[in-house]
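Here's the structure we're looking at; comments come further down.
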2 protein chains.
Amino acid sequence: MESQKNITIYDIAQATNLSIATISRIINKKGRYSAETESRVIKAMEELGYTPSASAQSLASNQTHTIGLVLPFWSIQQPNDDFTIQFLSGATIAANHLKYDLLLDNRSFVPSASTSQIIKRRRVDGFIFASVGNSYQHFMAELIAADFPTIYTGVQLPFDRNGNNVYGGHEIYKQDFLEICYQKGYHNTALFTSYMQAQELQMVEISRQIVEDFRLKKGLTQEQCRFIMYDYYNPKSFQYALEELLTQKNPVEAIYLDQFPTCSQAYSIIKAMGLRIPEDVAVVATSHYSRGGEEFSPKLTTTYVHSYEMGYRAVELLVNKIEKKGLEIEHDVPYSFLYRESFSPSKKTQNQ
Amino acid sequence: MESQKNITIYDIAQATNLSIATISRIINKKGRYSAETESRVIKAMEELGYTPSASAQSLASNQTHTIGLVLPFWSIQQPNDDFTIQFLSGATIAANHLKYDLLLDNRSFVPSASTSQIIKRRRVDGFIFASVGNSYQHFMAELIAADFPTIYTGVQLPFDRNGNNVYGGHEIYKQDFLEICYQKGYHNTALFTSYMQAQELQMVEISRQIVEDFRLKKGLTQEQCRFIMYDYYNPKSFQYALEELLTQKNPVEAIYLDQFPTCSQAYSIIKAMGLRIPEDVAVVATSHYSRGGEEFSPKLTTTYVHSYEMGYRAVELLVNKIEKKGLEIEHDVPYSFLYRESFSPSKKTQNQ
DNA sequence: TTGAAAGCGCTAACAG
DNA sequence: CTGTTAGCGCTTTCAA
């Protein structure tokens with residue numbers, strides 16, 4: 001490895017007979033300089049293969065052009081997390097466009113760290129919290145209170161008065177499913193929620209609440225609108241639950257699932273019982289990428305949560321905040337109800 | 001937001017009546033200083049809420065304590081990528097332990113960027129390329145040639161003389177599957193490989209090659225050991241292929257799949273034909289997390305690729321390189337063949 | 001339009 | 001064991 005002297009802004013100042021101040025202006029496209037000077041400088045930079053040092057820039061400008069990204073806690077190995085990977089994709093692309101870097105910054109938020117320290121460390125210009133649950137609420141509250149650029153996913157939090165969130169319809173799409181079923185003439189429905197070891201039960205409770213609220217609102221019985229929690233890693237648990245629903249006096253006509261593997265299982269079970277999808281029972285599930293569901297047969301109807309878009313939007317919103325551009329950016333990323341074969345737009349016509 | 005003066009190393013030098021040099025030594029646990037001084041300094045740092053500025057440290061020390069992580073190109077939305085998410089988890093944890101940050105650095109590698117510029121930008125101390133395919137080989141070659149700390153996943157590349165890779169058995173476990181079937185008395189086997197739009201066909205070819213090589217080695221016919229490529233998003237394509245294999249004169253006795261959703265489909269199809277797993281046909285698949293397969297019924301036998309471990313190991317190796325510790329770290333992360341119900345350890349005994 | 005010079009906050013010889 | 005001092009490479013007034 002050649003130990004050649006690192007070429008700096010001084011070298012290119014020298015090469016062009018200009019001062020480093022001018023070079024700096026040109027690098028940052030800031031202040032005034034003649035077009036002629038600019039092209040001369042750019043030429044010199046290319047010839048000498050000059051690239052500004054990121055840390056020198058940060059130190060002098062007090063900006064890092066870096067976004068801290070906090071993802072759900074990693075140490076527990078869990079099955080496919082489409083949300084995270086899609087969110088990450090979108091965030092990466094957006095960061096590229098806006099010329100920011102993404103720092104995976106779970107490290108800043110160790111229990112001992114104080115928010116002010118995190119801010120003062122000046123490692124990043126802002127933070128994005130992607131679906132991290134409650135564990136980070138404390139940090140988020142402080143960050144937001146300190147007016148440090150912060151964006152998080154999900155519904156707006158009580159302590160957040162400025163809408164620092166990007167919302168993908170999380171609590172909404174399950175409600176909508178129930179509503180749609182109700183309107184399309186599906187009379188017995190069930191909403192399944194998976195439970196995995198060591199996962200926050202809070203999510204499960206939210207779903208349970210949605211179902212209860214819906215029942216109340218429409219005056220439905222437990223039988224007409226069920227909430228069912230099952231153990232993800234115990235296929236029998238799901239199987240028994242589903243089989244029972246399918247064989248009772250008034251069998252379920254539509255089910256909602258939150259995991260693709262479970263959908264596959266559901267398909268197996270239903271077919272094994274000699275029932276048809278969607279004629280005998282309709283199936284709907286959550287997906288985080290657009291084609292999710294197409295690999296099923298019959299193709300699966302999904303509530304497609306635009307996780308990719310959410311990641312993109314989160315970065316846009318954050319950069320807007322960091323650079324105080326004051327643009328009006330929509331915080332809401334609506335999900336799509338993607339009708340496919342497993343759920344008929346109308347219950348009435350399906351048996352024709 | 002209070003515009004209070006930022007507290008720096010000078011402030012804490014003043015508060016303790018020491019010089020900044022001593023403070024710096026204590027921050028970095030480098031050089032000599034008395035225990036008494038140390039505790040005094042630490043106390044002062046806590047009281048004043050001091051945190052060193054990351055960019056100042058980088059500028060002065062020419063180290064960033066940051067690792068650039070390059071993941072497979074994101075713009076194409078694809079289904080669940082367990083490898084990536086697990087790899088990322090492991091890398092995050094390792095980086096935490098070793099006190100490094102992870103920078104998602106697809107941005108450095110835009111077509112226009114030259115490797116030397118990337119290095120000179122000094123944004124990171126080293127790079128990890130996780131399963132990025134051939135698109136980055138050019139960069140990797142230059143980086144390695146320039147002796148810049150670099151680690152990548154997969155088999156060692158021809159231009160890499162130093163073993164800068166971490167290997168998870170990728171080309172091996174499919175071979176092993178065939179070998180195990182052969183030994184256990186499964187005589188007709190098929191290895192399925194999914195094909196997704198816009199994905200590199202190269203991966204598919206590697207699998208095809210494995211099958212051909214195995215046939216040659218054992219003197220098997222096409223019927224005894226098949227390679228089958230199917231369209232992931234066209235379930236019928238898989239279904240027809242599998243049904244045919246199952247109904248021919250000498251039906252397949254064991255199949256290998258590379259996608260979980262496809263496994264689910266296979267289960268459906270097999271059961272719908274009135275066949276049993278594993279008595280009539282055994283099923284094995286790749287998984288990237290340990291419990292993957294348990295959600296199937298009967299539980300799925302998998303070749304469990306330790307992606308999490310690979311991520312962890314990659315970071316360890318890279319840091320070892322960056323800090324020139326010269327530790328002997330194993331590059332190989334063996335996969336595990338996890339026997340579960342869908343594949344009997346012995347074909348002979350299963351019908352008892 | 002350009003230049004001079006004072007930092008930004010920290011590290012690392014070197015001297016004591 | 002501790003202090004002095006010269007950078008690290010760039011940004012940013014303030015003058016010219």
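Note: hydrogens, waters and symmetry copies are ignored here, and every other heavy atom, side chains too, is used.
Distances shorter than 4.0 Å separate some side-chain N or O of Asn28(A) from OP1 or OP2 on dT11(D). An OP1 or OP2 oxygen of dT2(C) is reached within less than 4.0 angstrom by a side-chain nitrogen or oxygen of Thr37(A). When the side-chain nitrogen and oxygen atoms of Gln57(A) are compared with OP1 and OP2 of dG9(D), none of them lie within a distance under 4.0 Å. Lys30(A) has no side-chain polar atom (N or O) that falls below the 4.0 Å cut-off from OP1 or OP2 of dT11(D). The phosphate of dA4(C) has neither OP1 nor OP2 within less than 4.0 Å of any side-chain N or O from Ser19(A). Close to dT11(D), at under 4.0 Å from its OP1 or OP2, lies a side-chain N or O of Ser24(A).
With distances taken from any side-chain atom of Ser61(A) to the nucleotides dC10(D), dT11(D), dC10(C), the minimum falls on dT11(D). Listed nucleotides dG9(C), dC1(D), dT11(D) differ in distance to Arg32(B); the shortest reach to its side chain belongs to dC1(D). Closest to the Leu59(A) side chain, of the nucleotides dC10(C), dT11(D), dC8(C), is dC8(C). Relative to the side chain of Ala60(B), the nucleotides dG9(C), dT2(D), dT1(C) differ in distance, and dG9(C) lies closest. Out of dT2(C), dG9(C), dC10(D), the shortest distance to the side chain of Thr22(A) is found at dT2(C). Of the candidates dT2(D), dG3(C), dG3(D), the closest approach to any side-chain atom of Ala21(B) belongs to dG3(D).
Between its opening and closing five pairs, the helix from dT1(C)-dA16(D) to dG16(C)-dC1(D) changes axis direction by 30°, a value rounded to 10 degrees.
Using a 4.0 Å heavy-atom criterion, one finds that Ser53(A) contacts the sugar-phosphate atoms exclusively. Residue Leu18(A) is in sugar-phosphate contact alone, with no base atom involved, counting any heavy-atom pair closer than 4.0 Å across all strands shown.
In this structure, a donor-acceptor pair under 3.5 Å is absent between the side chains of Ser307(B) and Gln86(B). Asn164(A) and Thr150(A) form no side-chain donor-acceptor contact under 3.5 Å, judged by distance and modelled atom types alone.
A straight line from CD1 of Ile23(A) to P of dA4(C) spans 12 Å, rounded to a whole angstrom. Between the C1' atom of dT12(D) and the CD1 atom of Ile26(A) lies a distance of 16 Å, rounded to the nearest Å. One can place CZ of Arg121(A) at 16 Å from P of dG9(C), the figure rounded to the nearest angstrom. Between Tyr33(B) atom OH and dA12(C) atom P the separation is 14 Å, expressed in whole Å. Atom CZ in Arg122(A) sits roughly 14 Å away from atom P in dC8(C) (whole-Å rounding). Whole-Å rounding puts the Asp11(B) CG to dC8(C) P distance at 11 Å. Rounded to whole Å, the distance from CD on Gln63(B) to P on dC10(C) is 16 Å. Distance CZ (Arg25(B)) to C1' (dC1(D)): 8 Å, rounded to an integer number of Å.
Taken residue by residue, residues 39-52 of chain B places heavy atoms nearer than 4.0 Å to DNA chain C at Tyr50(B), Pro52(B).
Where Ile27(B) and Glu38(A) each meet DNA chain C at their nearest nucleotide, the meeting point lying more 5' is that of Glu38(A). Comparing Ala56(B) and Asn17(B), the nucleotide of DNA chain D nearest to each residue sits closer to the 5' end for Asn17(B).
Separation of atoms CZ (Phe129(A)) and CG (Leu71(A)) is listed at 11.0 Å; rounding is to 0.5 Å. For the atom pair Ile42(A) CD1 and Ile12(A) CD1, the distance stands at 9.0 Å (nearest 0.5 Å). Rounding to the nearest 0.5 Å gives a distance of 5.0 Å between CD1 of Ile9(A) and OG of Ser24(A).
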### Query
Step by step, would you call Thr37(B) with Ser34(B) a side chain to side chain donor-acceptor pair (under 3.5 Å)?
CA-CA 5 Å; Thr37(B) 311; Ser34(B) 72; 2.5 Å; yes
### Query
Passes side-chain contact (heavy atoms from CB on, under 4.5 Å), Leu88(A) versus Leu69(A)? Steps please.
CA-CA 9 Å; Leu88(A) 209 47; Leu69(A) 185 57; 3.3 Å; yes
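Residues His331(B) and Tyr167(B) place their aromatic rings such that the two centres sit no closer than 6.0 Å.
In this structure, Tyr152(B) and Gln137(B) have side chains that are not in contact, with every pair of non-hydrogen atoms separated by 4.5 Å or more.
Ion pairing of Arg121(B) with Asp101(A) is present here, as a side-chain N (NZ or NE/NH1/NH2) and a carboxylate O approach within less than 4.0 Å.
More than 12 heavy atoms of other residues, nucleotides or ligands lie within 6.0 Å of NZ in Lys325(A), so this atom counts as buried by the packing criterion.
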